[in-house]
Structures are given as C-alpha cells and as structure tokens.
Amino acid sequence: MEGVDANDKYAKELEVGVRVVQLACRLCQKVQKGSIGPTPDQVFSKDDDSPVTVADWSVQAMISWILSESFGKQNVSIVAEEDTQALSDSNSTRLLASVVATVNESLAMAPRFGLKGPTTSLGPTQVLEAINHCNSTGGPIGKHWVLDPVDGTLGFVRGDQYAVALALIENGQVVVGVLGCPNYSSKKKLVNNSSVSKEGCVMYARKGSGEAWMQPLACEGGTHVVWPNSATRIRVSSIDDPSLATFCEPVEKANSNHSYSAGIAYTLGLRKQPLRVYSMVKYAAIARGDAEIYMKFAKAGYKEKIWDHAAGVVIVEEAGGVVTDAGGRPLDFSRGVYLEGLDRGIVTCSGAILHDKIIGAVYASWESSHL
Ligand SMILES: Nc1ncnc2c1ncn2[C@@H]1O[C@H](COP(=O)(O)OS(=O)(=O)O)[C@@H](OP(=O)(O)O)[C@H]1O
Ligand SMILES: [Mg+2]
Ligand SMILES: [Mg+2]
Ligand SMILES: [Mg+2]
C-alpha cells in the first residue's frame with residue numbers, strides 16, 4: 001500500500017486501519033441504500049438529543065471485532081463514541097437484531113477487503129461485547145485506538161457529508177489517522193456545501209512521515225470488490241493570501257459560533273462565503289487543498305471529544321497543515337476522552353502564515369470584546 005513500508009513502525013496498524021475503514025464505508029453506504037439490515041432508516045435520539053443510527057453501532061462493533069481479531073483482544077484498547085445503553089433494554093430487540101444483521105453482513109465481506117472475518121456469524125451478545133469493548137478512556141500511556149464510527153451522523157442521515165474516523169494514539173500522540181469519506185469524491189473538488197459524490201475516498205497518514213495519502217473507495221465489480229490499485233499523495237493548498245482563501249466551519253449553528261468566525265473572517269479579509277460541511281470532512285478538505293482554513297468555536301462549556309479530531313489532525317499535519325487551539329497550542333490527546341485544556345476553539349490552516357493571522361485576529365477580538 002502506498003505510503004506504508006512493511007518495515008515502518010505502525011505498518012500493520014495502518015494497513016488494517018485503511019482496510020477496515022474501507023469496509024466501514026461500504027457498510028454505511030449499504031445501510032443508506034437500504035440494502036443491508038432490516039430497518040435501515042431508523043434514527044434515534046441520544047440523551048443530548050444528538051442522532052444515532054444502526055450504522056453508528058454497526059461500524060463500531062465491526063471495527064472493534066476486526067481490531068481485536070488482528071491485534072489480540074487483550075492488547076486492544078479502543079476509545080469510541082457509542083455505547084450499548086439504547087440497545088440493551090427489552091424494547092430494543094428489533095433494533096439490536098438489525099445491528100447484529102448489519103454487522104454480520106459486513107463481516108461476511110471482510111475477506112474481500114483483505115481482512116479475516118469470523119467463521120460463524122456473531123450473536124447479539126458478541127456484538128454488544130464488541131461495542132462495549134470500546135470503553136477505554138485513553139490517557140497518556142500506551143496505545144489506544146480512537147474511533148468515531150460515523151462522524152457527522154446528521155450529514156449521514158441527510159444524505160450529505162459524513163466520515164468514518166479511526167486513529168491510533170501512542171503515549172498521548174496521534175501516530176496514525178485514517179479518514180473514510182464516503183461522499184467526498186477522490187477526483188472532484190469540494191466546491192460548495194452540497195458537493196456530494198457517490199465515489200468517496202479514504203485518506204491516511206502516519207505521524208512524522210511527512211506524507212498523507214488518498215485512495216478511492218473500493219468499488220463493486222459484479223460479485224467482486226475492486227480494491228483501489230493506487231493511492232495519491234495529498235498536500236495542503238499553497239494559498240496564503242486571506243482574500244483568496246476558503247474557510248470551512250460546521251453546518252450546525254449549535255456546534256460552532258458562526259457569527260464569531262464571521263467576525264474573524266471579516267477582520268482577516270476573507271472574501272469567500274464559508275464552506276459549511278458536516279463532520280471531519282472539513283479536515284479532509286484542508287488536507288487535500290480544497291480549502292485553506294477550518295475554524296470551530298463550540299459554545300462555552302462544550303468539551304470537544306478526541307474522536308472528533310484525532311484522525312483529521314494527523315492527516316492535515318502530515319499533508320503540511322497546522323492545527324492548534326485558539327491560543328496557538330497543539331491539541332492535547334493525552335488526557336482521556338476530552339481535549340482537556342482546549343483554549344476556546346480549534347484553528348486548522350493550510351500553512352503557518354494564515355494560521356498566525358487567525359490566532360492574531362482571535363487574540364485581538366478577544367481583547368477588544370473584554371475592554
Ligand atoms: N453542541 C455541540 N457543540 C460542538 N460540537 C458538538 C455539539 N454536539 C455534538 N457535537 C460534535 O460535533 C460533531 C459533528 O461535527 P461538526 O462539529 O463538524 O458539526 S457539523 O456536523 O458540521 O454540524 C458530532 O459528531 P457525531 O456525533 O459523530 O456526528 C459531535 O461529536
Ligand atoms: Mg454522535
Ligand atoms: Mg463525531
Ligand atoms: Mg459519531
């Protein structure tokens with residue numbers, strides 16, 4: 001696989017990570033088309049009113065099972081978004097059956113993605129166990145996988161952008177990142193808020209390699225899966241003039257302060273309309289050079305979770321970009337489930353010149369708003 005030398009540290013993790021994210025993207029597409037699992041279109045509400053679907057639970061179970069199979073269950077620590085609370089009560093039998101069927105259909109395809117599947121189908125207990133195995137809280141020591149099975153569930157439900165995000169943290173550093181973007185074409189630029197494609201991509205990077213890669217999604221070739229035979233190196237944009245730069249931000253107003261970022265954009269002389277894109281596809285757009293800036297300023301009191309950023313950060317950095325909090329400090333993945341100590345928000349740029357300007361504008365606006 002391009003960008004992975006068998007002698008590299010993390011070569012196996014990267015190889016398995018890319019294959020399992022490819023398989024997860026296929027699972028999501030099948031759920032969306034209604035061709036896998038008995039109840040594809042159900043959307044449920046979590047305690048915080050955010051949505052969750054059969055795809056979120058099924059991807060988490062499937063990836064957890066494959067990672068345990070590939071690296072040994074006792075060696076695998078996974079920090080991931082979903083839990084089994086809503087699947088475990090007595091009214092959820094049909095929902096759980098739907099997840100179990102989806103996981104099994106997906107695992108049955110594992111060999112076509114170069115992965116070892118189970119010899120017999122998993123039962124509900126094993127599926128719940130696989131989801132629950134992802135209950136690690138990470139931390140500063142050792143290796144931890146970090147998984148967002150479906151990032152941008154709202155985008156997924158609305159047929160828009162979403163991502164499958166898998167990263168590996170070792171001793172508090174993100175060392176591997178894989179980002180599957182089922183609706184982000186490997187060939188076409190993301191030019192507006194509805195650039196949805198049916199021929200997505202998977203991006204990946206290893207920390208310190210100075211390289212980030214993109215391959216198209218594996219596609220259906222009759223009864224076969226046609227595995228991508230090549231990957232392309234991706235690189236951030238070289239634009240450093242704010243008047244030519246494009247900035248991304250979350251779609252949901254509840255997730256980021258749009259008027260604050262509009263103020264920063266105005267101060268900086270950004271001329272273009274913001275590109276509002278669901279999920280970590282925003283990081284993907286920066287890494288590929290389709291946009292130059294990504295700002296997220298969540299409401300005071302909201303704590304960002306590591307699975308919403310880990311994979312995107314290492315891919316952007318290896319593609320040549322810069323990611324920090326609004327105070328200019330690197331994001332800290334070593335302190336558990338949350339990005340503890342994050343200063344106000346996240347600023348991602350294609351290069352240091354734009355990044356310095358944004359941090360300066362944030363500093364100035366904060367000073368003036370506190371006069
Ligand atoms: N209130 C609030 N503030 C900030 N962030 C929140 C909030 N609520 C949720 N989330 C997290 O945002 C993830 C969705 O990605 P984005 O932040 O890019 O938002 S958006 O989808 O573009 O609107 C989303 O990830 P998924 O749950 O995986 O979809 C959440 O983890
Ligand atoms: Mg969610
Ligand atoms: Mg998320
Ligand atoms: Mg999610």
Side-chain angles (χ1 to χ4, degrees), residues 21 24-25 27-28 31-32 42-64 78-87 131 134 145-167 179-184 190 192-196 247-258 260-261 274-286 291 293-313 316 323 325-326 331 337-339 342 344-348:
V21 167
C25 290
L27 185 164
C28 292
V31 168
Q32 208 154 44
Q42 287 173 296
V43 181
F44 304 87
S45 239
K46 298 208 272 194
D47 289 346
D48 63 356
D49 285 335
S50 66
V52 58
T53 71
V54 167
D56 300 63
W57 286 302
S58 303
V59 167
Q60 184 163 318
M62 184 278 284
I63 292 187
S64 169
I78 310 174
V79 185
E81 183 181 355
E82 308 305 339
D83 61 43
T84 57
Q85 212 185 322
L87 295 175
I131 299 173
C134 307
W145 292 91
V146 180
L147 170 65
D148 194 336
V150 176
D151 180 52
T153 303
L154 260 174
F156 172 75
V157 167
R158 293 175 181 168
D160 208 306
Q161 296 296 342
Y162 64 97
V164 174
L166 180 65
L179 205 48
C181 309
N183 288 340
Y184 188 1
L190 192 74
N192 59 43
N193 301 348
S194 57
S195 306
V196 169
F247 92 88
C248 297
E249 64 181 348
V251 176
E252 288 297 300
K253 282 199 182 76
N255 288 11
S256 189
N257 189 334
H258 285 177
Y260 185 71
S261 49
L275 192 55
R276 292 193 177 134
V277 184
Y278 293 100
S279 82
M280 263 184 271
V281 166
K282 291 184 277 295
Y283 284 108
I286 305 296
I293 297 165
Y294 163 24
M295 293 185 260
K296 180 174 180 182
F297 296 99
K299 292 217 171 82
Y302 179 81
K303 287 170 85 176
E304 295 284 353
K305 289 132 189 158
I306 57 172
W307 54 72
D308 281 324
H309 303 282
V313 169
V316 165
V323 188
D325 67 14
L331 311 191
V337 167
Y338 297 102
L339 289 174
L342 187 84
R344 290 164 288 182
I346 295 170
V347 177
T348 298

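Excluded from the calculations below are hydrogen atoms, water molecules and symmetry mates; all remaining heavy atoms, backbone and side chain alike, are included. Remember, it's 1-based here, ligands and their atoms both numbered in the order they're listed.
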Nearest-neighbour protein heavy atom for [atom], which is reported as residue plus atom name and distance:
{"atom": "atom 26 (P) of ligand 1", "answer": "G152 N, 3.6 Å"}
{"atom": "atom 22 (O) of ligand 1", "answer": "V251 N, 2.9 Å"}
{"atom": "atom 23 (O) of ligand 1", "answer": "E252 N, 2.8 Å"}
{"atom": "atom 27 (O) of ligand 1", "answer": "E81 OE2, 3.0 Å"}
{"atom": "atom 25 (O) of ligand 1", "answer": "D151 OD1, 3.1 Å"}
{"atom": "atom 8 (N) of ligand 1", "answer": "N255 OD1, 3.7 Å"}
{"atom": "atom 31 (O) of ligand 1", "answer": "D308 OD2, 2.5 Å"}
{"atom": "atom 17 (O) of ligand 1", "answer": "K296 NZ, 2.6 Å"}

Select one of side chain, backbone, both or neither to describe which atoms of D48 lie under 4.0 Å from any atom of ligand 1, heavy atoms only.
->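 The answer is neither.
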Need the ligand 1 atom indices (1-based, order shown) with element for anything under 4.0 Å from a heavy-atom of [X].
{"X": "D148", "result": "28 (O)"}
{"X": "V277", "result": "22 (O)"}
{"X": "K282", "result": "16 (P), 18 (O), 22 (O)"}
{"X": "A254", "result": "1 (N), 2 (C), 3 (N)"}
{"X": "Y278", "result": "21 (O), 22 (O)"}

Given side chains that start at C-beta, do those of [X] and [Y] come closer than 4.5 Å, heavy atoms only?
{"X": "H309", "Y": "E304", "value": "yes"}
{"X": "D325", "Y": "R344", "value": "no"}
{"X": "C28", "Y": "V59", "value": "yes"}
{"X": "D160", "Y": "N183", "value": "no"}
{"X": "I346", "Y": "L339", "value": "yes"}
{"X": "V52", "Y": "T153", "value": "no"}

Run down the list W307, F156, Y294, Y302 and name the one with the heavy atom closest to atom 9 (C) of ligand 1.
->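 Checking each option, the heavy atom nearest atom 9 (C) of ligand 1 is found in Y302.
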Just do the side chain to side chain contact (heavy atoms under 4.5 Å, CB included) check on V31 and T53 with the steps written out, would you?
-> CA-CA 10 Å; V31 168; T53 71; 5.6 Å; no
Output yes if [X] passes the N/O/S-under-2.8 Å test against the Mg ion (ligand 4); output no otherwise.
{"X": "V52", "value": "no"}
{"X": "D308", "value": "no"}
{"X": "D148", "value": "yes"}

Pair R158-E252, salt bridge (charged side-chain N to carboxylate O under 4.0 Å, His left out): steps then yes or no = CA-CA 13 Å; R158 293 175 181 168; E252 288 297 300; 3.2 Å; yes
Indicate whether the side chain of S261 and that of E249 have a donor and an acceptor atom separated by less than 3.5 Å.
->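 There is such a pair (donor and acceptor under 3.5 Å, judged by atom type) between the side chains of S261 and E249.
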Flag, side chain of Q60 to backbone of E82, donor-acceptor distance under 3.5 Å =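 Flag set: sc Q60 to bb E82 pair under 3.5 Å.
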Check for a donor-acceptor pair, side chain of Q32 on one end and backbone N or O of F156 on the other, with a separation under 3.5 Å.
->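 Pair found, side chain donor or acceptor close to backbone of F156.
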Angle at the Mg ion (ligand 4) (to 10°), with one arm to O of V150 and the other to OE1 of E81 |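 An angle of 170° at the metal.
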For V150, is at least one N or O under 3.5 Å away from an N or O on ligand 1?
->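 For ligand 1, there is an N or O atom that lies under 3.5 Å from one belonging to V150.
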Considering distance alone, does some N or O of K299 sit under 3.5 Å from an N or O of ligand 1?
->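 Among all N and O atoms of K299, none is under 3.5 Å from an N or O of ligand 1.
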May I ask whether S279 has any heavy atom positioned less than 4.0 angstrom from an atom of ligand 1?
->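 True for this residue.
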So, does V52 sit close enough to ligand 1 that a heavy atom of it is under 4.0 Å from the ligand?
->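 V52: no contact with ligand 1 (<4.0 Å).
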Please lay out, stage by stage, how V164 and L27 fare under the test side chain to side chain contact (heavy atoms under 4.5 Å, CB included).
-> CA-CA 11 Å; V164 174; L27 185 164; over 6 Å; no
Where does the angle between the aromatic ring planes of F44 and W57 fall among parallel (under 30°), tilted (30 to 60°) and perpendicular (over 60°)?
->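 The arrangement is tilted - the two ring planes meet at 30° to 60°.
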Between Y283 and Y294, ring centroids under 6.0 Å |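 Here the rings of Y294 and Y283 have centres that are less than 6.0 Å from each other.
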